[in-house]
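To keep things clear, I will list the structure first and then write my remarks on it.
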Amino acid sequence: MTTTMELTCTDVAARATRSEPDLIPVGSYVRLSLDRALKYAGKTDRQEGEQVGTQLKRNGAFSSDLGWTVVREYNDNNTPASDPLIIRPEFEQMLKDLESGVIRGIVFTHSDRLARLEYDAARINRLYTINPRLVGRAVDGGTDLSTVEGRSMFMMQATMGGVEVANTKRRVSGTNRANAEKGRKHGGQRAFGWNEDGTIHEVEGPLLRAAIRSVPGGLRVGEVRKQWMALGFRPKQNKRRARKDGTQYSIQHSAVEAILVNPRSCGYRIYLPQVERRGAKKPWLPDHVMYVDGKPVMGWWEALVSPEEWAACVETIEARKAARKAGNLTPHDTGHKYLLSGIARCGKCSFPLHANWYSKGTSSYNKYGYRYACLSNLGGCGGLSRVGPPIEDLVTEVFLTEVQRSLGAVKSAEEVDVTRNDDRLGQISQEIDEVNDRRREKRLSMSQALDMIEELEEERDTLTRERRKLLALKVQRQDASPDLLKDWEGYSTSEKKERLRRSIRAVMVHPAGRGKRFDPALIEVVWAD
């Protein structure tokens, strides 16, 4: 944040005409890539801005020795200079002030505080080349931007700094990958559902586990989001995305979805290089599970759910996204209000029935609240309207009776072989290593090696997705169990509806004469094959 000028340019000019003709108004630039007081709040004795404050004092004392006066301070605390995607707001303002003449130079503690990229160094050098009267000095290192030699050295320092940053990133990336392959602990914020030491959080853990297990049964991501927000959960705040009025942001739908599909839940370790995290699209985390010899690498934390339960959740969400893309679902559908909407059909014209509330009045049907009707304005015949709750109660009773009867006929989940692709996945990993070895030995050209590796990677991705589908199938078969009867009343409408769809193709509602009592014989359940 730019601070208020300690001494305005007008004041400087006035003083220069009286007794200090050599007084030069300059800007003091300070920066720190990581302010540990912000990152480790409450865990360090440092104060926010303490280190950049020291830089400001040194810059001020150095300016006085040179006969300059600091009239503006530019403070990019907690802002890296080695990342081309990060904009330094105070740095940009400083360049504008230099170009417009608000300041006649800059002072900084060292060249690496000012620029770590050749591009930024070149922008500064351009201004000094255009206006040779500008001054610019570093407290340490001897950089002098007012001379050709100083600017050349400044550019060389930025170039070498860029090389150092690239080498550091390469080493860190290699270390991170090696740690990921061994499932070792890595830095980062505490994940939702876990404590810092990897144990399951006493409140968040059970909530996340229940949500992952419920999604395959019909629970929507939007419903999970509403539940968590109702319990007071909000996204982690930081200075850059905090609202000006101090209020908290709500949890985004995409953030909840990312938590639900994160392989971390079943203990799988992912490896996602930073360059891939910065793509235009958000990465789909299930595609970044780390495999060694064809088997997923397990992390150091406690697993919340089984791999089968996680895979079932992922497959369900992927299917909904595909249906939404095809136009069969509304964006971010948060749940279902009516159990038989999309299932019940008109017995006269077979058009889907739509649920709507009765209008105000004294009709005895109003006690039921809503009805299923064949609406002519939507393409139906308009000749059928029946109260909703009695139909739903009847269909539920019929469905649960059929589940009870057919429990023994459902194929066992143990018959699903989820490991049938593991051997081939291990072979693919070895074959990719062999191709790379042959390329390094010059036995294959780069083009030939890339063709072979891409073909193997495509096969690996296909087998990985098939493995997730097998895991999901295993969970679905486990779902057809006595637990369904026991837990039915605790399910949301979406979860109940999902289970009905698996067994019931349609519910045909046949017309009845006006004023007649509800007749179960006029409700026909058409079972799925």
Side-chain angles (χ1 to χ4, degrees), residues 215 217-226 253 316-317 319-403 488-489 491-529:
V215 167
L219 188 67
R220 321 295 283 191
V221 175
E223 290 177 307
V224 176
R225 174 177 174 269
K226 285 184 176 180
H253 183 100
T316 301
I317 292 177
R320 291 175 188 168
K321 291 170 78 72
R324 189 176 298 116
K325 188 175 182 180
N328 299 326
L329 283 178
T330 56
H332 300 330
D333 191 7
T334 58
H336 299 284
K337 295 181 180 178
Y338 307 103
L339 185 63
L340 299 180
S341 58
I343 300 177
R345 289 181 175 271
C346 175
K348 293 178 66 177
C349 67
S350 300
F351 192 76
L353 300 181
H354 289 76
N356 57 14
W357 287 88
Y358 284 104
S359 58
K360 295 180 180 180
T362 58
S363 170
S364 59
Y365 291 116
N366 286 357
K367 65 181 181 180
Y368 292 111
Y370 59 94
R371 61 181 176 173
Y372 287 100
C374 183
L375 303 178
S376 58
N377 61 337
L378 295 180
C381 66
L384 186 140
S385 175
R386 302 292 294 276
V387 293
I391 300 177
E392 292 180 353
D393 292 343
L394 175 65
V395 172
T396 297
E397 182 181 352
V398 171
F399 168 71
L400 294 179
T401 300
E402 177 63 18
V403 169
W488 180 262
E489 292 303 322
Y491 291 148
S492 66
T493 302
S494 297
E495 293 174 278
K496 292 178 179 179
K497 189 169 185 176
E498 180 67 23
R499 287 162 173 79
L500 288 179
R501 284 184 181 278
R502 294 176 188 172
S503 301
I504 296 177
R505 183 175 181 180
V507 174
M508 305 303 296
V509 181
H510 298 285
R514 184 179 296 275
K516 289 187 176 180
R517 292 181 177 274
F518 178 76
D519 185 357
L522 299 177
I523 309 301
E524 179 185 358
V525 176
V526 182
W527 298 97
D529 295 334

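Note that this is a predicted model, so its numbers are computed, not measured. Just so you know, these numbers use all the heavy atoms, side chains as well, and skip hydrogens, waters and symmetry mates.
Contact annotation: the side chain of Ser376 never approaches that of Cys381 to less than 4.5 Å [non-hydrogen atoms, C-beta and beyond]. Using a 4.5 Å heavy-atom threshold, the side chains of Arg345 and Tyr372 count as separate. Within the 4.5 Å cutoff, the side chain of Cys374 has no heavy atoms near those of the Ser385 side chain. Annotation: side chain of Leu384 is in contact with side chain of Val509 (closest heavy-atom distance under 4.5 Å). In this structure, Arg320 and Arg220 have side chains that are in contact, with non-hydrogen atoms separated by less than 4.5 Å.
The distance from the CG atom of Leu522 to the CZ atom of Arg386 is 5.5 Å, given to the nearest 0.5 Å. One distance of note links OH of Tyr338 with CZ of Arg371; it measures 11.5 Å at 0.5 Å rounding. Atom CG of residue Leu353 and atom CE of residue Met508 lie 8.0 Å apart, to the nearest 0.5 angstrom. With rounding to the nearest 0.5 angstrom, the NZ atom of Lys497 is 12.0 Å from the CD1 atom of Ile504.
In this structure, the side chain to side chain contact (heavy atoms under 4.5 Å, CB included) partners of Leu378, at least two apart in sequence or on a different chain, are Phe351, His354, Leu375. Listed by chain and residue number, nothing satisfies the side chain to side chain contact (heavy atoms under 4.5 Å, CB included) test with Asp393 (two or more places apart in sequence, or in another chain). For Thr396, the side chain to side chain contact (heavy atoms under 4.5 Å, CB included) partners are Leu339, Leu400, Trp488, not counting sequence neighbours.
Between Lys348 and Pro511, the shortest heavy-atom distance links the atoms CG-CG, 3.6 Å.
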(request) I would like to know whether Val398 and Ile523 meet side-chain contact (heavy atoms from CB on, under 4.5 Å); could you show each step before the answer? (result) CA-CA 11 Å; Val398 171; Ile523 309 301; over 6 Å; no

(request) Go through Val526 and Val507 one step at a time and tell me if the side-chain contact (heavy atoms from CB on, under 4.5 Å) criterion holds. (result) CA-CA 6 Å; Val526 182; Val507 174; over 6 Å; no

